[in-house]
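I have placed the structure first, in the form of structure tokens, so that the comments after it can refer back to it.
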Amino acid sequence: AHGLVDVASSLGWLEPCLAAIEFSQMLVQACWDYDSPLKQLPKPVEGVETVYDLMDMDPAARQLAAENEDFLRHYPNVEIRPQLESSSRCLVSFKRPVEAPLQVHAPLYPQSLVEGWWLILARDTTLVAIKRMIIKEGVSEQTMELEWDEEEAAPNRLLAMCDGYLGADQEFDLIKQ
């Protein structure tokens with residue numbers, strides 16, 4: 001799937017690039033993108049709509065199977081802060097708990113996978129810049145710099161897409177400070 005992302009992004013095609021990343025998520029988690037993100041959990045859960053709703057619950061009130069608690073330890077709980085620095089540069093700060101495991105919890109995937117993120121700058125339906133970020137062990141905060149040609153129109157949104165989980169993606173509107 002990474003090859004599909006490379007080809008689509010080199011041509012500036014935003015929608016095919018996003019579709020390739022979503023395809024990767026579906027392969028890793030053995031779920032369709034129209035399924036509830038809760039389907040990634042090893043055991044069914046009732047009464048919540050997203051994995052983040054489940055994570056926000058008091059652990060004592062969750063009463064989950066041990067397999068689900070293990071999944072929640074792996075699921076990305078990240079804080080992402082984009083900042084347009086200039087007419088051709090954006091800094092993206094990425095923060096996550098140090099104690100969170102880096103391996104993607106994907107029991108049906110045939111190999112071990114380290115959590116990674118695609119950071120995509122877009123202007124409407126055009127891909128402006130893209131970088132893949134691998135989470136480093138023992139590091140709670142990382143910063144990624146994305147640049148583009150000053151002649152191009154500045155991006156107006158950032159998409160942060162996890163390559164290993166459905167429902168973890170985030171989107172931000174970019175406004176120059």
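Position 1 is the first residue of the sequence, and the numbers go up from there.
- Residue Cys162 comes nearest to Gln25 through the heavy atom pair O-NE2, 2.6 Å, listed as atom of the first residue, atom of the second, then distance.
- Side-chain contact check for Glu22 versus Met161: some heavy-atom pair is nearer than 4.5 Å.
- Expressed to the nearest 0.5 Å, how far CG of Leu11 lies from CG of Asp6 amounts to 11.0 Å.
- Distance check, rounded to the nearest 0.5 Å: CD of Gln170 to CG of Leu119 gives 10.5 Å.
- In this structure, Arg132 and Ile134 have side chains that are in contact, with non-hydrogen atoms separated by less than 4.5 Å.
- Judged by distance alone, the side chain of Gln103 and the main-chain N or O of Ser112 form no donor-acceptor pair under 3.5 Å.
- Atom CH2 of Trp13 has 12 or fewer heavy atoms from other residues, nucleotides or ligands within 6.0 Å.
- Between Leu54 atom CG and Glu69 atom CD the span is 7.5 Å, to the nearest 0.5 Å.
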Margin query: Walk me through whether Leu174 and Asn156 qualify under side chain to side chain contact (heavy atoms under 4.5 Å, CB included).
Written below: CA-CA 5 Å; Leu174 297 176; Asn156 58 4; 5.6 Å; no

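- Contact of the Leu146 side chain with the Val128 side chain is not registered, since no non-hydrogen atoms from C-beta on lie closer than 4.5 Å.
- Here the closest heavy-atom approach between residue Val51 and residue Phe71 is recorded as CG1-CE2, 4.1 Å.
- Using a 4.5 Å cut-off on side-chain heavy atoms (C-beta onward), Leu166 and Asp35 make no contact.
- A donor-acceptor pair under 3.5 Å links the side-chain atoms of Tyr75 to the main chain of Ala168, judged by distance alone.
- Atom CZ of Arg81 and atom CZ of Phe94 lie 11.5 Å apart (nearest 0.5 Å).
- Taking each heavy atom of Glu147 and Ala129 in turn, the nearest pair found is O-CB, 3.6 Å.
- Residue Ile21 is grouped with residue Leu127 when hydrophobic side chains (ILVMFWY) are merged at heavy-atom distances under 4.5 angstrom, including chains of intermediate members.
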Item checked: Derivation and outcome, side chain to side chain contact (heavy atoms under 4.5 Å, CB included), residues Tyr109 and Val104 -> CA-CA 10 Å; Tyr109 197 66; Val104 173; over 6 Å; no

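- For Ser93 and Glu141, the side-chain atoms include at least one donor-acceptor pair closer than 3.5 Å.
- Atom CD1 of Ile130 is separated from atom OG of Ser9 by 4.5 Å, given to the nearest 0.5 angstrom.
- The two residues Ala30 and Leu108 have their closest heavy-atom pair at CB-CD1, 3.7 Å.
- The two residues Leu102 and Ile135 come nearest to each other via the heavy atoms CD2-CG2, 3.2 Å.
- Remark: side-chain polar atoms of Asp33 are not paired, donor with acceptor, to backbone N or O of Met26 under 3.5 angstrom.
- Rounded to the nearest 0.5 Å, atoms CZ (Arg123) and CG (Leu14) are 13.0 Å apart.
- The backbone N or O of Lys43 sits less than 3.5 Å from a side-chain atom of Asn68, completing a donor-acceptor pair.
- Not a single donor-acceptor pair under 3.5 Å links the side chain of Tyr52 to the backbone N or O of Gly167.
- When atom types are taken as modelled, the side chain of Gln29 and the backbone of Ala106 share no donor-acceptor pair closer than 3.5 angstrom.
- Atom NZ of Lys131 is surrounded by more than 12 heavy atoms from other residues, nucleotides or ligands within 6.0 Å.
- Residues Glu171 and Asp169 are not in side-chain contact: their nearest non-hydrogen atoms beyond the backbone lie 4.5 Å or more apart.
- Two residues are said to be in side-chain contact when any heavy atoms from C-beta on lie closer than 4.5 Å; Pro37 and Tyr165 fail this criterion.
- In terms of modelled atom types and a separation under 3.5 Å, the side chain of Asp163 and the main chain of Glu115 share no donor-acceptor contact.
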Margin query: Checking Thr143 against Gln83 for the side chain to side chain contact (heavy atoms under 4.5 Å, CB included) test, could you report, in this order, the C-alpha distance in whole Å, the side-chain angles of both residues, the deciding distance, and whether it holds?
Written below: CA-CA 11 Å; Thr143 301; Gln83 183 177 354; over 6 Å; no

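- Clustering ILVMFWY residues whenever any of their side-chain heavy atoms sit less than 4.5 angstrom apart, transitively, puts Met133 in a cluster other than the one holding Val5.
- Summarising the local packing, CZ of Phe23 is surrounded by 12 or fewer heavy atoms from other residues, nucleotides or ligands at distances under 6.0 Å.
- Shown here for Leu113 and Gly164, the closest heavy-atom pair between the two residues is CD2-CA, 4.4 Å.
- Ile120 is not connected to Trp148 by any chain of hydrophobic side-chain contacts under 4.5 Å among Ile, Leu, Val, Met, Phe, Trp and Tyr, and they are in different clusters.
- Cluster annotation: Val78 and Met144 are assigned to the same hydrophobic cluster (Ile/Leu/Val/Met/Phe/Trp/Tyr, side-chain heavy-atom contacts under 4.5 Å, transitive).
- A continuous path of ILVMFWY side-chain contacts below 4.5 Å connects Leu84 to Phe172, so both sit in one hydrophobic cluster.
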